[in-house]
Student: 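Questions regarding the structure given below will be posed in turn.
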Amino acid sequence: MSIRSHILHCFVCLLLLSALYSCRTDEVVLPPEEEKKGDVIKSEVVGFYLLNEGNMGSNKATLDYYDFSKAVYTRNIYSAANPEVPQSLGDVGNELKIYGSRLYAVINCSNLIEVMDATTAKHIGTINIPNCRYLAFKDGYGYISSYAGPVVVDASKAQIGYVAKFDTATLNIVDTCYVGFQPDELEIVDNMLYVANSGGYMKPNYENTLSVIDLTSFKELRRIPIAINLHRVRMDKYNYIWVSSRGNYEQIPSRLYCVDTKKNKVVDSVKIAVDNMWLDGDSLYVYSESFNTITMTNDISYHIVNTKTRKVIATKWFDDSSITIEKPYGVFVHPVTKDIFLADAKNFVEPGTLWCIGQDGKAKWSVRTGDIPGHFALLYKTTK
């Protein structure tokens, strides 16, 4: 979830449900629903999970699954896979990743990581982390960024953030490393962990650095100055890291930066706004949605950046009037077919829509999702 979305949700939820955000509550759980969509595809990609965030304070995070071998989309699979677990996934799904044989769902406001079997979505255990954000993995350990304190956009109450290291076999936290205020996405290059410090609760005094942590000592070695309010982090195959800045939502715009991990400095930038991005080969798919205070409309942009040349090579992803996107909120590109899967959160209240878009820019199919679809995890045949 972006800081902008955090703020939007906070205003609604702190007025109505301020006492509910830190725990799971009893609720009516909807049964899973199956729907035939698209064509059967046989490849090393078996399927994908989609984590729907749900509105903050509502305990409505849900998990969907699409099976490429059957061309079947199933909504709300968690409850069916775990009838003995009385509660839902929890409050605000923020990240979803597969590592080894396990599926990890970061549930931000419930202050936990839900750990499941990657092929069945059966509950295995939980890891308790306050205001947890994003994940990275290496050599049997997981790394999770944490805002440390509760969801309160108030600089006087904000706490220094940290990265927690946990053993993926035991799910025990084994170490912590403090970084900047409100750390977000993180990426591992060789034996270094790069963490984007946002300072999102510190407005107008945002953070502007990328922390570098040595994984052996698990100590912060340095901070690389980039731009204010950092968010996304992606590593390309040339060992350069692409980092997004949200700006300040006013006169300082969102931008994309390229960081040399050998020189520990910014070596290039691309003047495009970034909400989210997906890297496929040399192609970095970037979208942004922001409110234009002049036209009083939402401006949505789509770009593809070539990470080798560091140039924008496309300014649109589709050319089909039937594709209507209100709030782009999650994306992935199929590594074999190159189809684009783009999630639309709509108005953040009603169920969203997932679009499958072909290489020709035309819609292949669309399907209803849970509330606020935003995070994908691809399941491969080789998942162990």
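In this chain, numbering begins with 1 at the start of the sequence shown. No experiment lies behind these values; they were computed from the predicted model shown.
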Student: Under 3.5 Å, side chain of Asn197 to main-chain N/O of Pro183, donor-acceptor pair present?
Tutor: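 Checking the backbone N and O of Pro183 against the side chain of Asn197, no donor-acceptor pair under 3.5 Å is found.
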Student: Report yes or no: do Glu220 and Ser211 form a side-chain donor-acceptor pair below 3.5 Å?
Tutor: yes
Student: Looking at Leu279 and Thr307, what are the two nearest heavy atoms and their distance?
Tutor: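 For Leu279 and Thr307, the tightest heavy-atom pair comes out as CD1-CG2, 3.8 Å.
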Student: Is the closest side-chain heavy-atom distance between Met116 and Tyr78 below 4.5 Å?
Tutor: yes
Student: Pick out which of Val305, Val243, Val312 makes a side-chain contact (heavy atoms from CB on, under 4.5 Å) with Leu256.
Tutor: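 Only match with Leu256 under side-chain contact (heavy atoms from CB on, under 4.5 Å): Val305.
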Student: Verify the distance criterion only: is there a donor paired with an acceptor across the side chains of Tyr249 and Asn229 at less than 3.5 Å?
Tutor: yes
Student: Can you tell me if Lys138 has over 12 outside heavy atoms packed within less than 6.0 Å of its NZ?
Tutor: yes
Student: Angle class for the Tyr329/His375 ring planes (parallel below 30°, perpendicular above 60°, tilted otherwise)?
Tutor: perpendicular
Student: Which of these, Val163, Val212, Val179, sits in a side-chain contact (heavy atoms from CB on, under 4.5 Å) with Leu193?
Tutor: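 Of all the options given, the one that passes is Val163.
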Student: Does Gly140 offer a backbone N or O that forms a donor-acceptor pair with the side chain of Tyr99 under 3.5 Å?
Tutor: yes
Student: Flag yes if more than 12 heavy atoms outside Lys362 fall under 6.0 Å of its NZ atom; otherwise flag no.
Tutor: yes
Student: Determine whether Pro130 and Gln159 make a side-chain contact, defined as any pair of heavy atoms from C-beta on separated by less than 4.5 Å.
Tutor: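 Side-chain contact under 4.5 Å: no.
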Student: Could you pull out the closest heavy-atom pair between Met235 and Val189, with the gap in Å?
Tutor: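 For Met235 versus Val189, the nearest heavy atoms are SD-CG2, 3.3 Å.
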Student: Does the separation of the ring centres of Phe68 and Tyr66 fall below 6.0 angstrom?
Tutor: yes
Student: Are Asp184 and Arg133 within salt-bridge range, i.e. N to O under 4.0 Å?
Tutor: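 Yes.
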Student: Give a yes or no answer on whether the side chain of Thr353 reaches the backbone of Asp344 with a donor-acceptor pair at less than 3.5 Å.
Tutor: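 Not a single qualifying donor-acceptor pair exists.
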Student: Stepwise, does the side-chain contact (heavy atoms from CB on, under 4.5 Å) test hold for Leu51 with Glu114?
Tutor: CA-CA 12 Å; Leu51 179 62; Glu114 174 73 17; over 6 Å; no
Student: Quick test of your reading of the model: are Glu84 and Lys122 salt-bridged, counting only N-O distances below 4.0 Å?
Tutor: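 Yes.
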Student: State whether the side chain of Asp299 and the backbone N or O of Ser288 hold a donor-acceptor pair below 3.5 Å, judged by distance alone.
Tutor: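 No, because the side chain of Asp299 does not come within donor-acceptor range (under 3.5 Å) of the backbone of Ser288.
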Student: Classify the ring geometry between Tyr302 and Trp317 as parallel (under 30°), tilted (30 to 60°) or perpendicular (over 60°).
Tutor: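 Ring orientation of Tyr302 relative to Trp317: tilted.
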Student: Please assess Thr74 against Asp67 for the test side chain to side chain donor-acceptor pair (under 3.5 Å), listing each intermediate value before the final yes or no.
Tutor: CA-CA 8 Å; Thr74 307; Asp67 187 332; over 6 Å; no
Student: Kindly indicate whether the side chain of Leu354, heavy atoms from C-beta on, has any atom under 4.5 Å from the side chain of Tyr73.
Tutor: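 Yes, their side chains come closer than 4.5 Å.
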Student: Looking only at the aromatic ring of each residue, does the gap between the centers of Phe341 and Phe376 stay below 6.0 angstrom?
Tutor: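 No, the ring centres sit 6.0 Å or more apart.
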Student: Answer yes or no: is there a side-chain heavy-atom contact under 4.5 Å between Phe166 and Leu135?
Tutor: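 Contact flag for Phe166/Leu135 side chains = yes.
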Student: Assess whether atom CG of Asp39 is packed by more than 12 heavy atoms of other residues, nucleotides or ligands within 6.0 Å.
Tutor: no
Student: May I ask you to test the Cys258-Tyr238 pair for a side-chain heavy-atom distance under 4.5 Å?
Tutor: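 SC-SC contact between Cys258 and Tyr238 ruled out.
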Student: Are the side chain of Asp260 and the backbone of Lys262 linked by a donor-acceptor contact shorter than 3.5 Å?
Tutor: yes
Student: Tell me the closest heavy-atom pair linking Asp117 and Tyr49, and the distance in Å.
Tutor: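 Reported closest heavy-atom pair: O-OH, 4.4 Å.
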Student: Output yes when a side-chain donor or acceptor of Asn131 lies under 3.5 Å from a complementary backbone atom of Gly149, and no otherwise.
Tutor: yes
Student: Measure across Ser254 and Ser245 and return the closest heavy-atom pair with its distance rounded to 0.1 Å.
Tutor: OG-O, 2.7 Å
Student: For Tyr240, is the NZ or CZ atom of Arg310 found under 6.0 angstrom from the centre of its six-membered ring and inside 45 degrees of the ring axis?
Tutor: yes
Student: Should the heavy atoms of other residues, nucleotides or ligands under 6.0 Å from NZ of Lys70 be counted, would the total exceed 12?
Tutor: no
Student: Is it true that Asp236 and Trp242 share a donor-acceptor pair across their side chains at a distance under 3.5 Å?
Tutor: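 Short answer, yes.
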Student: Would you call Asn276 and Arg232 a side-chain contact if the rule is heavy atoms closer than 4.5 Å?
Tutor: yes
Student: Restricting to non-hydrogen atoms, name the atom on His123 and the atom on Asn82 that form the minimum distance, rounded to 0.1 Å.
Tutor: N-OD1, 2.5 Å
Student: Does a donor on one side chain sit under 3.5 Å from an acceptor on the other, for Asn76 and Thr62?
Tutor: no
Student: Quickly, which of Glu33, Glu35, Glu34 forms a salt bridge (Lys or Arg N to Asp or Glu O under 4.0 Å) with Lys37? Name it, please.
Tutor: Glu35
